[in-house]
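First comes the structure, then the notes that go with it.
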There are 2 protein chains.
Amino acid sequence: MGKSNFKSEPGIERQLALQDALDILRGKWKILILRSLYLYGTMRFKDLLEASKNITPKVLSNELQQLELNLLITRTVNNTKPITVSYELTNHAIETLPVIKALIEFGLKHRKKIKDN
Amino acid sequence: MGKSNFKSEPGIERQLALQDALDILRGKWKILILRSLYLYGTMRFKDLLEASKNITPKVLSNELQQLELNLLITRTVNNTKPITVSYELTNHAIETLPVIKALIEFGLKHRKKIKDN
DNA sequence: ATAGTTACTATCCTAAAGGTAACGGATAAC
DNA sequence: GTTATCCGTTACCTTTAGGATAGTAACTAT
């Protein structure tokens, strides 16, 4: 396979960074949830349930907990009459926006490619 | 949840594109394989086995088939003494480079954030 | 004839992800 | 006191991803 013909040096740090990113964003729902929060700002649990078509409360709850653990969203309990809970992105989560944009761009091009056979 | 405060309109096309992209690139290995091919150009099966630490031949074989199906890599059999097979990225696969770059950037920032507590 | 190389495939198994359906605690409205 | 809303949890099950181990086909070298 020889030496790199594309970049100076791979760099173990970049390799680890990539693996971490994949771990954190892995799964069917996390990126979709992040995108909803980008688009709509603050959302309640119920909003996210409706926005993420076909997700179940259990799964949504899990995903939100993981996103919170990884410092991508915050969870705040509002003292409203029927209790409500608000989720929003942290500043840190802004760093995932380029990932989402790139995925959408790739997806658009891929769909076009498929359509044109 | 109100109206968007961030972008004009979500757009069902972008939603579908995102879901397609996530489907195509899903899993523990695909993006790592694509990155190896970016870095090294043409690679044989054995090269990819060594570059993707801890992957098994069965899993690698599966991943490669899926990537080929989705038009991201090509597979060519070389008529060498012990048969060898070369994999490389298609032109179309270039479109995934921004995704990988964005993931790495996010991963680097995330690692820094974690280290700084 | 035996052993090695390359690129897999086959079989079996475990673990993680994801889904279904029902329930619970808090509060309030009717 | 029954019903409703909101945000979950619990128990259970199915599906998918991933891994371990061994084997195979084609060829080469010794």
Side-chain angles (χ1 to χ4, degrees), chain A residues 1-2 18-37 40-70 72-88, chain B residues 1-2 18-37 40-70 72-88:
Chain A
M1 83 197 191
L18 180 53
Q19 279 165 347
D20 282 6
L22 290 172
D23 276 357
I24 290 168
L25 301 176
R26 162 175 278 179
K28 188 174 173 181
W29 298 109
K30 290 196 191 67
I31 289 191
L32 298 173
I33 291 170
L34 291 177
R35 178 166 135 95
S36 291
L37 290 172
Y40 296 107
T42 300
M43 293 178 87
R44 287 175 306 133
F45 190 82
K46 202 200 167 201
D47 297 328
L48 285 164
L49 260 185
E50 285 160 8
S52 314
K53 218 171 165 284
N54 294 333
I55 204 173
T56 60
K58 177 198 127 180
V59 174
L60 177 57
S61 180
N62 284 345
E63 301 286 289
L64 291 171
Q65 282 174 27
Q66 290 176 51
L67 288 171
E68 199 190 356
L69 257 175
N70 286 313
L72 294 180
I73 62 172
T74 57
R75 177 182 184 275
T76 29
V77 179
N78 314 307
N79 60 348
T80 47
K81 337 301 181 91
I83 193 176
T84 56
V85 179
S86 300
Y87 294 91
E88 33 187 339
Chain B
M1 85 196 190
L18 180 53
Q19 278 166 348
D20 283 7
L22 290 172
D23 276 356
I24 291 168
L25 301 176
R26 165 176 274 180
K28 187 173 172 182
W29 299 107
K30 290 197 191 65
I31 290 192
L32 297 173
I33 291 170
L34 291 177
R35 178 165 135 94
S36 290
L37 289 172
Y40 296 107
T42 300
M43 292 177 87
R44 287 175 307 132
F45 191 82
K46 202 197 167 206
D47 296 329
L48 285 164
L49 260 186
E50 284 160 9
S52 315
K53 221 174 164 280
N54 293 332
I55 205 174
T56 60
K58 177 197 127 181
V59 173
L60 178 57
S61 180
N62 285 345
E63 303 286 290
L64 290 172
Q65 283 173 26
Q66 291 176 49
L67 289 171
E68 199 189 357
L69 259 174
N70 287 312
L72 294 179
I73 62 172
T74 58
R75 176 181 185 277
T76 27
V77 180
N78 313 307
N79 62 348
T80 46
K81 338 304 181 79
I83 195 177
T84 56
V85 179
S86 300
Y87 295 91
E88 33 187 338

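Any value given below was found using the heavy atoms of this structure, including those in side chains, with hydrogens, waters and symmetry copies removed. Quick note on labels: first sequence line is chain A, next is B, and so on, each numbered from 1.
In terms of the side chain to side chain donor-acceptor pair (under 3.5 Å) criterion, residue partners of B:Asn78 (sequence neighbours excluded) are, by chain and number, B:Thr84, B:Ser86. With sequence neighbours excluded, no residue forms a side chain to side chain donor-acceptor pair (under 3.5 Å) with B:Arg26. For A:Asn70, there are no side chain to side chain donor-acceptor pair (under 3.5 Å) partners two or more places apart in sequence or in a different chain. The side chain to side chain donor-acceptor pair (under 3.5 Å) check on B:Glu88 picks up B:Thr42, with sequence neighbours excluded. Applying the side-chain contact (heavy atoms from CB on, under 4.5 Å) test to B:Gln65 and every residue at least two apart in sequence or in another chain returns B:Ser61. When the side-chain contact (heavy atoms from CB on, under 4.5 Å) test is applied to B:Pro82, no partner is found at least two apart in sequence or on another chain.
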- prompt: How does protein contact run along nucleotides 15-30 of chain D, one letter per nucleotide 5' to 3', with B for base contact, S for sugar-phosphate only, - for none, heavy atoms under 4.0 Å?
  reply: ---BBB------SS--
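A straight line from CG of A:Asn79 to P of D:dC7 spans 14 Å, rounded to a whole angstrom.
Between B:Tyr87 and B:Leu37 the shortest heavy-atom distance is O-CD2, 3.6 Å.
The outermost nucleotides of DNA chain C lying under 4.0 Å from heavy atoms of chain A, listed 5' to 3', are C:dG18 to C:dA28.
Under the salt bridge (charged side-chain N to carboxylate O under 4.0 Å, His left out) criterion, the residue pairs touching residues 57-68 of chain A are A:Lys30-A:Glu63, with sequence neighbours excluded.
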